[in-house]
Structure formats: structure tokens, C-alpha cells
Amino acid sequence: ERWILARLRNMQFFSVEEAAERLGRMLGIAIDWQSLEAFLPAGLTDPARRRSAIAATFVAGLQLAKDGQIELRQSERFGPIHLRKRTEQQ
């Protein structure tokens, strides 16, 4: 238990705010549906940091969808999540 707590204290988590900024920048150049994982930071080799980035990006995506800025879709249960920028016509 102490080992887990020590590891968590030393781990650098990704914030939802950072993920929202990254999504906003990348959605400006994305044309069509993209996998949520396409919006993760490059070079994530540590599995725990990757999970943190996925969670933060997912939560940021939910907030942006709630705000009407993006659309989310998932075609099957436990399948990949895709997103795209919401356009004026939608």
C-alpha cells in the first residue's frame, strides 16, 4: 500500500484543462472523425501516464461535447471513441 501511495505522489498526471487545450488546438486542423487516441500527447511510453492522458482527454471531450463544440460517437460498446469539431450546419 505504501508503495502505491509513493508512486502516485511521484506521478505526473495530465489535467483535464491541458487536454481541453490540446483538443482545441488539434480540432482546428482535424477535418473528419478522429479517434480519441489521436489527440493524446506524443511519446507516451509509461502505461500509467497513458491512462492518465486518455482519462483527461475523455473528460475534456465530454465537456466540449456538452458545450456544443464537438461531437462524440462510439459505434459499439467498449469500442473506440471518435470525435470531430461541430460545424455551424450541425
Side-chain angles (χ1 to χ4, degrees):
E1 186 175 315
R2 287 184 181 166
W3 175 81
I4 293 172
L5 291 175
R7 179 155 187 224
L8 288 174
R9 278 190 212 109
N10 293 329
M11 192 173 157
Q12 294 178 334
F13 293 99
F14 287 92
S15 73
V16 174
E17 292 80 14
E18 290 172 313
E21 285 181 27
R22 191 174 52 255
L23 275 173
R25 283 192 312 270
M26 294 179 78
L27 280 169
I29 59 173
I31 297 170
D32 205 2
W33 291 102
Q34 297 287 323
S35 167
L36 181 78
E37 292 193 3
F39 295 92
L40 298 180
L44 290 175
T45 57
D46 178 39
R49 283 188 49 81
R50 183 172 173 77
R51 284 191 301 273
S52 172
I54 290 170
T57 304
F58 178 64
V59 172
L62 290 175
Q63 184 62 49
L64 291 172
K66 179 182 172 190
D67 294 343
Q69 296 179 37
I70 68 168
E71 293 180 274
L72 294 171
R73 78 173 179 195
Q74 184 179 32
S75 57
E76 61 187 60
R77 187 196 264 181
F78 301 111
I81 297 170
H82 293 87
L83 53 95
R84 71 175 175 188
K85 186 174 183 175
R86 189 172 173 88
T87 62
E88 296 294 325
Q89 295 97 6
Q90 298 168 338

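Just so we're clear, the structure is a prediction, and the values are computed from it rather than from any experiment. When a residue number appears, it is its place in the shown sequence, counting from 1.
To the nearest 0.5 Å, the span separating CG on L40 from CZ on R49 amounts to 11.5 Å. To the nearest 0.5 Å, atom CZ of residue R51 and atom CG of residue L44 are 11.5 Å apart.
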Using the side-chain contact (heavy atoms from CB on, under 4.5 Å) rule, take Q69 and R86 through it: C-alpha gap first, then chi angles, then the decisive distance, then the call. CA-CA 5 Å; Q69 296 179 37; R86 189 172 173 88; 5.9 Å; no

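Annotation: salt bridge (Lys or Arg N to Asp or Glu O under 4.0 Å) contacts of R73 (sequence neighbours excluded): none. Residues satisfying the salt bridge (Lys or Arg N to Asp or Glu O under 4.0 Å) criterion with E37, sequence neighbours excluded, are R50.
Applying the side chain to side chain contact (heavy atoms under 4.5 Å, CB included) test between L83 and each of L72, L62, L64 identifies L72 as the sole match.
Here the closest non-hydrogen pair linking F14 and P41 is CE2-CG, 3.7 Å.
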Got a list of side-chain donor-acceptor pairs under 3.5 Å for residues 20-29, not counting sequence neighbours?
from	atom 1	to	atom 2	distance (Å)
R22	NE	F39	O	2.8
R22	NH2	T57	OG1	3.1

